[in-house]
Amino acid sequence: MTGARVWLAFVAFSILAGCADAPSSVLRLGLKSQPITLDPRYATDAASTRVNRLVYRQLVDFDQHFKPVPALGTWQRVAPTVYRFELGADGREFHDGTRLAAGDVKATYDYVLDPQRASPHRGSLRHIERIDVLDEDTVEFTLSTPDPLFPGRLVIGILPAALIAQNHPFNRAPIGSGPFAFREWPEEGRLVLERIADRQRFELIEVPNPTVRVLKLLRGEIDLLQSDLLPELITWLEGREDVNVTKINGTNFAYLGFNLRDPVVGDERVRGAIAHAIDRDQIIRYVMGATARPANAILPPEHWAGAPELPLIPFEPETARRLLREAGYGERNPARIVYKTSTDPFRVRLATIIQDQLAQVGISVELRTYDWDTFYGDIKAGRFQVYSLAWVGIKMPDIFRYALHSESVPPAGANRGRFQSATADRLIDLAEATEDLGAQASLYRELEHHLLERLPYVPLWYEDHYVIARADIEGYTLAPDGNYDGLMTVRRTREP
């Protein structure tokens, strides 16, 4: 967006904000994209994962240090390969009035483990050999091999067994036992939930265009929005008295992904050239408004399995040109790539800047933009050469198996680039079989060094999170992973 266009948008905001709608008893959250599915057995996109977390209870959650903590139930390791979960009192009533029991836990995970169901989460749970219901409140997981991190894998929302058997359409009519109940999805782009504690209704409204999203906020058509705005809009909003802006460092990992079977980007030298041609510091400072920090691995350095000693990829155009020459490319024979991204204006802007930076070293980039559903569908189906995305809310190092192990090619996992590395497979397998967490962390750090050498993806940055709320909205707390848990405490300070 040019300076003139931004100014015109701001003028429109000022005029239209003056005739804002009267407040509504319903609280409205503006979203860049609506959830793809409200079935936690299949959800992988950020919006679906965040909304499902509100609607369903899960066995295990994480604390601020990415360590697993009890949610629906506590656990004990009764044998090296056996974990016993005792369900507690909280979250035991499904929204249809039935009681959540151990049989529902078993039915949920049995479904995910069924290879014919093609759940994308099956790969991370592959060590489950058997699930036994000991009584209504107790369920036991027997593994094929010891896994000291196993409790942290049990984060799928629990569904009613009776409805699973009936093939209930959870994707559009979810029934969980979480703090929010599904009420209706009356039209595309508008989802209605109700907070169980006080029956406060919420509408989650899809507004893909960030400028329109802010305009609706100022008019009172939505009450708050989280992240996914142009940096200049955030700066402008921070100067207004009718909204409040809150920020927090985030852990969402932005990256460039590659189809490693492609003859161009399948060459490590080309990927290395791309990595050295991108000036991350300048993009973060001047384009992102300092709302991110450079990344070198999927896990942030503060994670218990992160690698704080891992060097950042330097901006070195000459190194990029040398690598391209070694790969056989030059002025008369430039490397040509097709780069896919969404139609989100900010993502298009970032992609355009990366396109220009790659052109400076001799890489010809054709940029293609798609609506979110089409774009994400192409990525999941492997229809890409290069794309940009972000891993959202990563807490467990099992992301390495899910996204990079050779056994996790879709539909078994999310190794969408078809990365094949015996070294990576060995380190992932060793880490998962190691009992001592310190030794595990060392193996994961070695893996992260290996991945930075092989570059199955090019790390970009960890994106911050922020929430912009109208002045009469308070109590929304941000989380580093960008979840929507703040909806559990947010409230309007005056009645409509």
Side-chain angles (χ1 to χ4, degrees), residues 1 31-37 44-49 120 206 208-210 227-228 230 252-268 270-275 277-280 283 287-288 292 295 298 313 320 324 329 334-392 402-404 408-411 413-419 455-461 463:
M1 182 181 288
L31 304 180
K32 180 183 75 171
S33 58
Q34 69 175 2
I36 292 176
T37 177
T44 58
D45 65 290
S48 297
T49 301
E206 181 184 41
N209 185 288
S227 301
D228 299 311
L230 300 173
N252 292 350
F253 170 72
Y255 66 97
L256 292 180
F258 304 95
N259 184 340
L260 300 183
R261 293 180 179 176
D262 179 80
V264 179
V265 297
D267 190 322
E268 283 183 32
V270 174
R271 299 197 301 277
I274 291 172
I278 299 172
D279 192 340
R280 294 161 185 75
I283 292 175
V287 183
M288 303 184 72
I298 295 178
I313 300 172
L324 287 171
Y329 298 101
R336 299 182 184 277
I337 63 174
V338 175
Y339 176 5
K340 289 188 175 184
T341 189
S342 72
T343 52
D344 176 87
F346 185 53
R347 301 302 162 185
V348 174
R349 181 191 299 183
L350 290 173
T352 302
I353 293 169
I354 291 174
Q355 177 188 43
D356 180 69
Q357 291 185 348
L358 296 186
Q360 299 303 312
V361 301
I363 300 175
S364 176
V365 179
E366 179 187 344
L367 189 59
R368 296 181 185 175
T369 62
Y370 303 87
D371 66 89
W372 171 253
D373 289 344
T374 301
F375 168 63
Y376 193 56
D378 279 356
I379 302 310
K380 291 193 295 183
R383 294 189 293 268
F384 60 84
Q385 187 182 22
V386 180
Y387 69 93
S388 55
L389 258 180
W391 283 108
V392 174
Y402 179 58
L404 294 163
S408 296
V409 170
N415 185 353
R416 295 161 184 149
R418 272 61 180 178
F419 178 57
L455 291 175
Y457 53 80
V458 167
L460 295 176
W461 41 74
E463 299 181 354

| query | Is it true that a side-chain atom of T352 and a backbone atom of V348 form a donor plus acceptor pair closer than 3.5 Å? | reply | yes
| request: Determine the minimum heavy-atom distance between V361 and A320, stating which atoms define it. | output: CG1-CB, 3.9 Å
| With a 4.5 Å limit on heavy-atom distance, are the side chains of V386 and V338 in contact? | no
| Taking it one step at a time, do W461 and L350 satisfy side-chain contact (heavy atoms from CB on, under 4.5 Å)? | CA-CA 12 Å; W461 41 74; L350 290 173; 4.0 Å; yes
| Between Q385 and D262, does any side-chain donor sit less than 3.5 Å from a side-chain acceptor? | yes
| Between E463 and A254, what is the shortest heavy-atom contact and its length? | OE2-CB, 3.8 Å
| query | Should L260 and V265 count as side-chain neighbours, where that means a heavy-atom distance under 4.5 Å? | reply | no
| message | For W372 and D344: C-alpha separation, side-chain torsions, deciding distance, then whether side-chain contact (heavy atoms from CB on, under 4.5 Å) applies. | response | CA-CA 8 Å; W372 171 253; D344 176 87; over 6 Å; no
| field | M288 and F346, any side-chain heavy atoms less than 4.5 Å apart | value | yes
| said: Looking at N259 and F384, would you say the former's side chain and the latter's main chain have a donor-acceptor pair under 3.5 Å? | reply: yes
| request: Could you grab the distance from atom CZ of F419 to atom CG of L455, nearest 0.5 Å is fine? | output: 9.5 Å
| task | Check whether any side-chain heavy atom of R418 lies under 4.5 Å from a side-chain heavy atom of P410, and answer yes or no. | result | yes
| query | So do the side chains of D228 and P210 get within less than 4.5 Å of each other, counting heavy atoms only? | reply | no
| remark: dist I274:CD1 -> I337:CD1 (nearest 0.5 Å) comes out at 4.5 Å
| About how many Å separate CD1 of I379 and OG of S388, when rounded to the nearest 0.5 Å? | 8.5 Å
| request: Return the minimal non-hydrogen interatomic distance between Y329 and P263, and the atom names on each side. | output: OH-O, 4.4 Å
| So, K340 side chain and R383 main chain: donor-acceptor pair closer than 3.5 Å or not? | yes
| Quick one: CG on N209 to CG on L230, what's the gap to the nearest 0.5 Å? | 8.0 Å
| message | Main chain of V365, side chain of Q355: is a donor-acceptor contact present, judged purely on distance under 3.5 Å? | response | yes
| Side chains of R271 and L256: does their closest heavy-atom pair fall under 4.5 Å? | no
| message | Let me confirm one number: the CG-CZ distance from L389 to R347, rounded to the nearest 0.5 Å. | response | 9.0 Å
| Looking only at heavy atoms, which two atoms of G362 and P334 are closest? And how far apart? | O-CB, 3.5 Å
| Interatomic distance, D356 atom CG to L367 atom CG [nearest 0.5 angstrom] | 12.0 Å
| request: With sequence neighbours excluded, tell me which residues meet salt bridge (Lys or Arg N to Asp or Glu O under 4.0 Å) with R368. | output: E366
| task | Check the pair Y376 / S342 against side-chain hydrogen bond (donor to acceptor under 3.5 Å, both in side chains), numbers first and verdict last. | result | CA-CA 8 Å; Y376 193 56; S342 72; over 6 Å; no
| request: With the side chain counted from C-beta on, respond yes when Y402 and N415 share a heavy-atom pair under 4.5 Å apart, and no when they do not. | output: no
| message | Does either side chain, that of Y457 or that of Y387, offer a donor lying less than 3.5 Å from an acceptor on the other one? | response | no
| Side-chain donor or acceptor of T49 paired with backbone N/O of D45 under 3.5 Å | yes
